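As the structure is a prediction and not an experimental result, all values here were calculated from the model.
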Amino acid sequence: MTTNQRVFLHNMYFYKRSFNFEVYTLLQAMINCNVNVLVNGVKGAAVNDLLKSLFDAKNQSGSTLTIGTDLKHLYPKRDIKHLERYDQNKEVDASGVNTLLVNGVDQTNLRLFLKMCKESQGIGSLEGKTLNFVLDELVDLMDDKSSIEDIAAIDFVLTIESSKLVSMSEVILEEGELQLRPFAEYIGGNEYRFTNNVSEQKLIQMKETNYEEAERFTQSLSTYQNELPEQSSSGNRYFQTQ
């Protein structure tokens with residue numbers, strides 16, 4: 001997919017079958033609660049398509065700063081500033097920016113991305129070396145001015161393999177250790193296993209931003225958990241349910 005085209009969330013669901021309708025509903029609700037999201041996948045996965053589709057699905061865009069992918073020409077009515085490359089040695093004026101979109105989180109822009117996650121909203125993609133150890137990879141990218149607590153500012157990690165979204169997880173910081181706790185896991189065919197275990201603190205945060213969309217997210221997740229047969233949990237070392 002080229003940067004000259006918009007990527008629609010519903011097209012990824014309906015045509016590309018990157019996820020099913022239930023996941024589509026959750027993604028649309030959560031992104032409009034201004035949560036901080038990192039899309040993770042190894043090289044060749046459709047991480048950038050999902051990243052751009054999440055931005056496209058945002059109703060409340062405000063002012064956006066993009067790094068790595070210039071979207072200004074695709075959204076002429078949105079307030080978008082673009083940096084092709086980010087130089088961490090130069091000060092960037094992010095005042096008034098509501099959303100930072102980073103196509104390719106790396107060592108040079110991670111600190112800015114985490115800063116925006118804490119202060120407003122960060123949406124980023126990371127083409128990592130593995131699917132299962134994205135938190136470790138972020139720790140490896142940190143400089144001496146960042147900490148594990150900063151990484152915990154990321155609310156959710158979406159893991160994509162090839163063109164399939166295989167998990168949606170909440171980032172948890174517990175006793176000084178980072179974990180991913182999945183609430184949606186791909187189990188084959190076009191089905192997912194849903195677990196209604198997103199933390200109360202996260203849900204309150206989402207409701208404070210957009211009560212209606214947060215309620216849709218909560219009620220949908222609760223309904224989906226009851227609809228599908230229980231499956232065994234992933235063996236990922238981070239995937240620990242409550």
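Taken from CG in Asp136 to CG in Leu141, the straight-line distance is 11.0 Å, to the nearest 0.5 Å. Rounding to the nearest 0.5 Å gives a distance of 4.5 Å between CE of Met30 and CE of Met168. Distance check: Leu180 CG to Asn132 CG gives 9.5 Å after rounding to the nearest 0.5 Å. Interatomic distance, Tyr186 OH to Arg193 CZ, rounded to the nearest 0.5 Å: 16.0 Å. Note that CD of Glu22 is 11.0 Å distant from CG of Leu221, once rounded to the nearest 0.5 Å. To the nearest 0.5 Å, the span separating CD1 on Ile154 from CG on Leu135 amounts to 7.5 Å.
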Begin with the C-alpha distance, continue with both residues' side-chain angles, and end with the deciding distance and a verdict on side-chain contact (heavy atoms from CB on, under 4.5 Å) for Ile80 and Phe55. CA-CA 12 Å; Ile80 299 176; Phe55 177 75; 3.9 Å; yes
Please assess Val171 against Leu38 for the test side-chain contact (heavy atoms from CB on, under 4.5 Å), listing each intermediate value before the final yes or no. CA-CA 10 Å; Val171 178; Leu38 181 69; over 6 Å; no
Working note: Thr159 + Ser169, criterion side-chain contact (heavy atoms from CB on, under 4.5 Å); need CA distance, chi angles, decisive distance, verdict. CA-CA 8 Å; Thr159 301; Ser169 304; 5.7 Å; no
Step by step, would you call Leu138 with Leu178 a side-chain contact (heavy atoms from CB on, under 4.5 Å)? CA-CA 11 Å; Leu138 288 175; Leu178 289 166; over 6 Å; no
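In this view, Lys118 and Asp150 satisfy the salt bridge (Lys or Arg N to Asp or Glu O under 4.0 Å) rule, not counting sequence neighbours. Residues passing the ring pair (Phe, Tyr, Trp, His ring centres under 6.0 Å) test with Tyr13 are Phe21, Tyr24, sequence neighbours excluded. With sequence neighbours excluded, the residues that form a side-chain contact (heavy atoms from CB on, under 4.5 Å) with Asn32 are Gln28, Lys58, Asn59, Asn210, Glu213. Here Glu119 pairs with Lys115 under the salt bridge (Lys or Arg N to Asp or Glu O under 4.0 Å) rule; sequence neighbours left out. Evaluation of the ring pair (Phe, Tyr, Trp, His ring centres under 6.0 Å) rule for His10 yields Phe8 as partners, not counting sequence neighbours. Remark: Tyr75 engages Asp56 in a side-chain hydrogen bond (donor to acceptor under 3.5 Å, both in side chains) (not counting sequence neighbours). Remark: Glu200 engages Leu203, Ile204 in a side-chain contact (heavy atoms from CB on, under 4.5 Å) (not counting sequence neighbours). Partners of Gln219 by side-chain hydrogen bond (donor to acceptor under 3.5 Å, both in side chains), not counting sequence neighbours, listed by chain and number: Glu215.
Connection of Val157 to Ile172 is not established within any shared hydrophobic cluster, with ILVMFWY side chains joined at heavy-atom distances below 4.5 Å, either directly or through further cluster members. Cluster membership for Leu26 and Tyr211, using ILVMFWY side-chain heavy atoms within less than 4.5 angstrom, is not shared.
Counting only residues at least two apart or on different chains, the salt bridge (charged side-chain N to carboxylate O under 4.0 Å, His left out) pairs with a member in residues 152-165 are Asp155-Lys202. For residues 30-54, the set of pairs meeting the ring-ring contact (aromatic ring centres under 6.0 Å, His included) definition, not counting sequence neighbours, is empty. Within the structure, ring-ring contact (aromatic ring centres under 6.0 Å, His included) pairs that include any residue of residues 151-176 comprise Phe156-Phe183 (at least two apart or interchain). Screening residues 102-131 for ring-ring contact (aromatic ring centres under 6.0 Å, His included) gives no qualifying pairs among residues at least two apart or on separate chains.
When all heavy atoms of Leu158 and Leu54 are compared, the pair lying nearest together is CD1-CD1, 3.8 Å. Shown here for Asn20 and Asn190, the closest heavy-atom pair between the two residues is ND2-O, 3.0 Å. Across all non-hydrogen atoms, the minimal contact from Asn98 to Ser120 is O-CB, 3.2 Å. Residues Val47 and Ile160 approach most closely at CG1-CG2, 3.2 Å, considering heavy atoms. For Ser125 against Asn48, the heavy-atom pair with the smallest separation is OG-OD1, 3.2 Å. Considering all non-hydrogen atoms of both residues, Gln121 and Ile31 come closest at NE2-O, 3.7 Å.
No hydrogens or angles considered: a donor-acceptor pair under 3.5 Å links the side chains of Thr108 and Asp106. Side-chain contact of Glu149 with Ser147: a donor-acceptor pair under 3.5 Å is present, judged by distance alone.
Although no hydrogens or angles enter the test, the distance criterion places a donor-acceptor pair under 3.5 Å between the side chain of Asn109 and the main chain of Gly104. Under a 3.5 Å cut-off, the side chain of Ser222 and the backbone N or O of Thr218 do not form any donor-acceptor pair. Between the side chain of Tyr192 and the backbone N or O of Leu165 there is at least one donor-acceptor pair closer than 3.5 Å.
Exactly one residue among Lys52, His82, Lys72 makes a side chain to side chain donor-acceptor pair (under 3.5 Å) with Thr66. That residue is His82. Applying the side-chain contact (heavy atoms from CB on, under 4.5 Å) test between Val37 and each of Asn40, Val35, Asn34 identifies Val35 as the sole match.
Taking the side chain as every heavy atom from C-beta outward, Asn11 and Lys16 never approach each other to under 4.5 Å. The closest side-chain heavy-atom distance from Phe194 to Val23 is below 4.5 Å.
Checked for salt-bridge contact, Glu170 and Arg181 meet the test: a charged N lies under 4.0 Å from a carboxylate O.
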